[in-house]
Amino acid sequence: MPLKKIGVLTGGGDAPGLNAVIRAVVKAAFNSGVEVLGLEDSFDGLIYPEKSRVLTPRHVTGILRLGGTILGTVNRGNPFLEPIVTPEGTFDYSDRVIEMFEKNQLDALVCIGGDGTLAISYEFYKKGIPLVGVPKTIDNDIFGTTSCFGFDTAVSFATEAIDRLHTTAEAHRRIIVVEVMGRYAGWIALHAGVAGGADVILIPEIPYDLEKVAQCIRDRDALGARFSIVVVAEGAVPIGGSHSIVKAAHGGTAERLGGAGMYCAEELEKLAKKETRYVVLGHLQRGGAPTAFDRTLATRFGGKAVELLLKGMFGKMVANHPPDLVPIPLQDVVGKTKTVPFDNDLLTTARALGVCFGD
Ligand code: F6P
């Protein structure tokens with residue numbers, strides 16, 4: 001049966017390039033005679049009738065270069081755990097989504113999101129909703145795709161921040177610790193750290209010993225360096241220690257990380273006996289306009305998602321396997337995390353150049 005109407009939604013934390021995907025989905029679908037319903041705030045668009053609207057090319061004009069998402073998003077853990085209360089009554093979450101999918105006369109969905117949203121999407125696919133997933137995260141840790149849009153923008157921003165911190169660190173002969181995002185994978189720290197010429201890079205995959213970091217800094221000072229730049233992923237852990245968290249996990253919602261940069265700065269100041277400051281880049285890495293790379297990747301993802309739906313290839317995630325985009329089963333993606341392997345080329349090169357990883 002040919003597609004007549006599809007829904008598109010964005011879920012999880014935002015990433016620069018979401019709007020570029022939405023635009024590509026809307027334009028590609030429209031040009032194939034398929035109507036698009038924009039679903040607001042992730043799957044809430046299929047819970048509350050007022051949270052959806054038809055999108056035509058006119059509605060997506062000018063959004064290619066905008067960060068955020070015109071559809072809104074939520075980052076709320078596992079929605080299957082709670083019943084849904086609406087003015088029309090209380091519903092089981094998945095029953096309600098399926099009922100509204102049918103009421104809206106949708107034939108399929110494009111679900112743009114990270115590991116959480118893709119896992120929810122896979123559940124709905126198993127319950128009979130035809131859909132395609134588009135991977136999104138600045139952390140670049142989604143399994144099965146070499147890259148996600150948003151990552152390049154985050155790395156570019158973090159690199160510029162490290163560049164700026166170099167001059168002030170050098171002027172004051174200080175250590176400056178820069179905390180970047182990356183809950184369970186150190187891709188942002190590794191790439192921005194190397195691009196920015198950091199002296200130390202601490203990532204979740206390699207538990208660190210701050211005494212070793214302090215020794216690297218002393219060695220640099222002995223060679224005449226006036227400063228050191230330490231890049232720390234928010235999910236980096238000391239050997240034998242645990243994540244720095246500001247809020248524990250609750251009700252299916254993931255723990256909120258924070259404090260890794262402050263911890264490293266306070267300890268290094270004592271160990272290296274050198275004035276130290278820290279900066280947390282936080283959500284600045286997720287905001288703002290996507291880079292050209294992210295715009296094109298996001299546009300390709302959106303176009304490919306519609307192509308797969310038109311071909312009736314459901315239950316897949318669009319994956320970047322350069323130079324191609326390929327469909328891979330959602331089943332192979334959910335529940336996994338793409339971490340930095342120990343033989344990663346950039347990691348190996350950084351070590352060869354003398355970057356300290358604290359191990
Ligand atoms: O997964 C992407 C990410 O930006 C992580 O790097 C970070 O820990 C998390 O989202 C923050 O989420 P929130 O915006 O919900 O606090």
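Atoms within each ligand, like the ligands themselves, are counted from 1 in listed order. Start at 1 with the first residue, then count along the sequence.
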Numbered in order shown, the ligand 1 atoms found under 4.0 Å of a heavy atom of Gly182 are 6 (O)

State if Gly114 counts as touching ligand 1 under the rule of any non-hydrogen atom under 4.0 Å. no

Are there over 12 heavy-atom neighbours, none belonging to Lys127, within less than 6.0 Å of that residue's NZ? no

Test side chain to side chain contact (heavy atoms under 4.5 Å, CB included), reference Met317, set Val134, Leu308, Ile142, Asp332, output is Ile142

Can you confirm whether more than 12 heavy atoms, excluding those of Tyr93, are under 6.0 Å from its OH atom? yes

For atom 10 (O) of ligand 1, which of the options Arg183, Glu234, Glu255, Arg286 provides the nearest non-hydrogen atom? Arg286

From the options Ile138, Asn75, Asn140, Asp139, select the one whose nearest heavy atom is closest to atom 1 (O) of ligand 1. Asp139

Assess whether atom NZ of Lys4 is packed by more than 12 heavy atoms of other residues, nucleotides or ligands within 6.0 Å. no

Can you figure out which of Lys247, Gln285, His283, Lys136 has its heavy atom closest to atom 16 (O) of ligand 1? His283

Check this for me: Phe314, atom CZ, are more than 12 non-hydrogen atoms of other residues, nucleotides or ligands nearer than 6.0 Å? yes

I need the atoms of ligand 1 closer than 4.0 Å to a non-hydrogen atom of Met181, numbered in the order shown. 4 (O), 6 (O)

